[in-house]
Amino acid sequence: MTKLVIDNAYIAPVVGDEIAHGHLTAENGRITGVGAGPAPKIEGAERIDGTGCLVTPGLVNTHHHLYQWATQGLQQDSTLFEWLTGLYRTWARIDAEVTYGAAAAGLAWLALSGTTTSTDHHYIFPKGRGDLFEAEVRAAAEVGLRFHPCRGSMDRGQSDGGLPPDEVVERTDEILTGTAETIDRYHDPSFDSMLRVAVAPCSPFSVSETLMRESAALARDKGVRLHTHLAETLDEEEHCREQMGCTPVEYMEKLGWLGDDVWFAHAVHLHDSDIRRFADTGSGSAHCPSSNGRLGAGIARVRDLLAAGAPVGLGVDGAASSELTSMAGEMRQAMLFQRAMYGPTALTARQALEMGTLGGARNLGRHTEIGSLEPGKIADIAVWRVDGFRAAVADPVCALVFGPPPPLARLLVGGRTVVENDELRTVAQDAVARAGAEARRRLLPGEGR
């Protein structure tokens with residue numbers, strides 16, 4: 001039986017009032033109490049001194065492409081479609097070793113920036129290159145993060161009017177069979193599950209209508225969630241209007257892809273009617289401000305989505321379009337982008353924190369388990385140091401969101417320590433960094449680095 005006490009900290013639970021001098025207790029991976037004043041004495045408990053610290057829920061990353069850790073810094077000045085067409089054939093060379101090294105480094109980087117739960121959207125499966133899905137699942141288990149990998153897919157190559165070259169797509173029947181087998185092998189629906197699988201055809205410009213419909217039917221039959229890219233650029237809007245005769249969101253509605261079991265990546269270019277559809281159906285979105293900025297895609301209408309009541313979480317996106325981006329940093333980017341567009345009241349620090357925690361948990365269907373600090377929820381907790389230079393900021397939540405990410409005193413996943421004093425405790429930090437660099441060398445052997 002494991003017991004934990006965090007004492008004398010500023011508690012920002014996301015749900016409920018903040019506590020300036022408070023405590024949190026946990027037992028066997030579940031939060032048992034959150035309150036003001038000194039913590040009760042609990043025999044045999046590990047005590048964490050929260051003096052000078054801010055305690056929040058662990059961050060929840062709702063969109064990523066971990067394999068892209070191996071291709072950072074390429075296509076630096078490209079639009080999305082230029083970037084994709086410039087990288088598809090490089091990505092076609094990935095194998096299980098590349099995937100493992102990239103995933104280990106990417107997930108470790110997330111942990112070091114306060115993330116306790118991450119999704120991944122892996123959609124390229126070259127034949128004869130080993131078990132890529134198993135490789136990233138193994139990496140997540142070793143780093144110690146709660147993991148929601150999405151079995152992605154593409155079946156619409158250039159010969160069928162799609163964007164990707166034909167050699168990187170799979171046959172529709174192979175995708176559906178492989179996805180069903182992946183769910184059966186890995187998906188764990190239990191309350192404190194460390195591993196859940198989603199079904200995730202890549203995008204309207206790389207996936208057939210048949211695969212979109214059949215994927216939705218498969219996911220709902222298996223009781224898992226649905227994820228895809230949507231409305232990321234104006235190029236995509238033009239593509240959908242030309243080839244499908246409607247906007248991207250109208251296309252999703254036609255295919256049965258709106259609902260409270262669905263979340264979309266990016267959702268930058270939404271019409272007013274789209275936002276109403278998202279709110280009415282409970283369809284979520286993963287806002288990825290750094291990637292959208294890097295690719296010149298635009299700024300998502302987060303303020304309007306939240307005002308309408310639609311779920312919105314955050315995502316760092318793949319490192320090849322969002323180099324070395326941290327989840328804590330994405331809270332700041334999200335807030336500043338909305339303010340740059342709509343004024344200084346468009347998004348508050350606390351709204352940004354909620355997007356990075358409970359909003360992400362809603363996207364993943366886990367808001368009753370994670371995303372806030374409440375008794376009965378899982379003890380996924382970030383303890384940030386906001387003393388030292390940051391003590392000059394009177395509001396600890398402001399210190400977290402407005403400035404650069406603070407040091408992590410502790411990161412707990414289910415009550416287990418993953419990071420302590422800015423160092424990984426589950427795996428050797430230098431080793432996973434080297435694994436990420438080796439993944440790049442293996443994928444790009446002629447690069448000379």
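Just so it is clear, the model here is predicted, and its values are computed rather than measured. Only this structure's heavy atoms are used, side chains among them; waters, hydrogens and symmetry mates stay out.
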- Query: With the threshold set at 4.0 Å, does a side-chain nitrogen-carboxylate oxygen contact exist between Arg277 and Asp280?
  - Reply: no
ask   = Looking only at atom types and distance, does a side-chain atom of Glu323 sit under 3.5 Å from a main-chain N or O of Gly73, one as donor and one as acceptor?
value = yes
Which of Glu170, Glu181, Glu134 passes salt bridge (charged side-chain N to carboxylate O under 4.0 Å, His left out) with Arg151? Answer is Glu170
One should read off an interatomic distance between Leu358 CG and Ser372 OG, to the nearest 0.5 angstrom, of 5.5 Å
inquiry  = Would Ile48 and Leu4 count as a side-chain contact (heavy atoms from CB on, under 4.5 Å) here? Give the steps.
reply    = CA-CA 8 Å; Ile48 297 173; Leu4 177 73; 3.6 Å; yes
Going by the angle between their ring planes, with limits at 30° and 60°, are His65 and His121 parallel, tilted or perpendicular? tilted
key: Steps toward side-chain contact (heavy atoms from CB on, under 4.5 Å) verdict (Val34, Glu374)   = CA-CA 7 Å; Val34 180; Glu374 300 176 80; over 6 Å; no
> If you measure from the Lys or Arg side-chain nitrogens to the Asp or Glu carboxylate oxygens, is any gap between Arg362 and Asp260 under 4.0 Å?
Replying inline: no
* Asked: Within the side chain of His64, is there an N or O that forms a donor-acceptor pair under 3.5 Å with the backbone of Asp317?
  -> yes
Rounding to 0.5 Å, atoms CG (Leu400) and CZ (Arg350) come to a distance of 10.0 Å
Self-check item: Pair His122 + Phe133: ring centers closer than 6.0 Å
Solution: no
**Report entry** Test item: Ser78 and Leu84 side chains (from C-beta on) under 4.5 Å apart, heavy atoms
**Finding:** no
key: Test side-chain contact (heavy atoms from CB on, under 4.5 Å) applied to Val249 and Phe264, step by step   = CA-CA 10 Å; Val249 174; Phe264 298 106; over 6 Å; no
CG of Leu347 to CZ of Arg339, rounded to nearest 0.5 Å, is 7.5 Å
Within the side chain of Asp380, is there an N or O that forms a donor-acceptor pair under 3.5 Å with the backbone of Gly414?
yes
Correct closest heavy-atom pair for Ser321 and Trp83 would be CB-CZ2, 3.5 Å
- Message: Whether the side chain of Thr115 engages the backbone of Thr117 through a donor-acceptor N/O pair (distance < 3.5 Å, no angle test) should be reported.
- Response: no
Any Lys/Arg nitrogen of Glu250 or Lys254 sitting under 4.0 Å from an Asp/Glu carboxylate oxygen of the other?
no
Between Thr357 and Val60 the two heavy atoms that sit nearest each other are O-CG2, 3.6 Å
Answer whether the closest heavy-atom distance between the side chains of Pro201 and Glu214 falls below 4.5 Å. no
Rounded to the nearest 0.5 Å, the CE atom of Met327 sits from the CG atom of Asn61 at a distance of 5.5 Å
| Quick one: are Leu112 and Leu408 in side-chain contact, heavy atoms under 4.5 Å? | no
Is a side-chain donor or acceptor of Thr25 paired with a backbone partner of Gly33 at a separation under 3.5 angstrom? yes
Just wondering, do Glu330 and Ser290 contact through their side chains at under 4.5 Å, heavy atoms? yes
Is a side-chain donor or acceptor of Glu236 paired with a backbone partner of Ala231 at a separation under 3.5 angstrom? yes
To the nearest 0.5 Å, atom CZ of Arg225 lies from atom NE2 of His148 at 9.0 Å
Looking only at heavy atoms, the pair that brings Trp257 and His227 closest together is CH2-O, 3.6 Å
- Item | Side-chain touch Leu411/Thr116, heavy atoms, less than 4.5 angstrom | yes
side-chain contact (heavy atoms from CB on, under 4.5 Å) assessment of Met331 paired with Glu354: CA-CA 9 Å; Met331 293 191 293; Glu354 183 171 349; over 6 Å; no
Checklist entry - Within the side chain of Glu232, is there an N or O that forms a donor-acceptor pair under 3.5 Å with the backbone of His266? => result no
State whether Tyr100 and Arg138 meet the cation-pi test: NZ (Lys) or CZ (Arg) under 6.0 Å from the six-membered ring centroid, and within 45° of the perpendicular axis. yes
Between Val397 and Glu18, is any pair of side-chain heavy atoms under 4.5 Å apart? yes
How about Val316 and His63: do any of their side-chain heavy atoms sit closer than 4.5 Å?
-> no
message = Closer than 3.5 angstrom, by distance alone: can the side chain of Thr325 be matched with the main-chain N or O of Ser322 as a donor-acceptor pair?
response = yes
Taken to the nearest 0.5 Å, the spacing of Leu373 CG from Ile370 CD1 works out to 11.5 Å
Exactly one candidate in Arg416, Lys3, Arg410 meets salt bridge (charged side-chain N to carboxylate O under 4.0 Å, His left out) with Glu46; the answer is Arg410
| said: Less than 4.5 Å apart, side chain to side chain, heavy atoms only: is that true for Phe278 and Leu258? | reply: yes
| message | Check the orientation of Trp91 and Tyr123. Use parallel for under 30°, tilted for 30 to 60°, and perpendicular for over 60°. | response | perpendicular
Using a 6.0 Å cut-off, check whether atom CG of Asp184 has over 12 heavy atoms from anything other than its own residue.
yes
* Asked: Is the backbone N or O of Leu324 less than 3.5 Å from a side-chain atom of Gln72, with the two atoms forming a donor-acceptor pair by type?
  -> yes
Given 3.5 Å as the limit, does a donor-acceptor pair link the side chain of Arg332 with the main chain of Phe402, or not? yes
Paired with Ser215, the side chain to side chain contact (heavy atoms under 4.5 Å, CB included) test is passed by just one of Thr179, Thr228, Leu176, namely Leu176
Tightest non-hydrogen contact, residues Ala111 and Val418, listed as CB-CG1, 4.1 Å
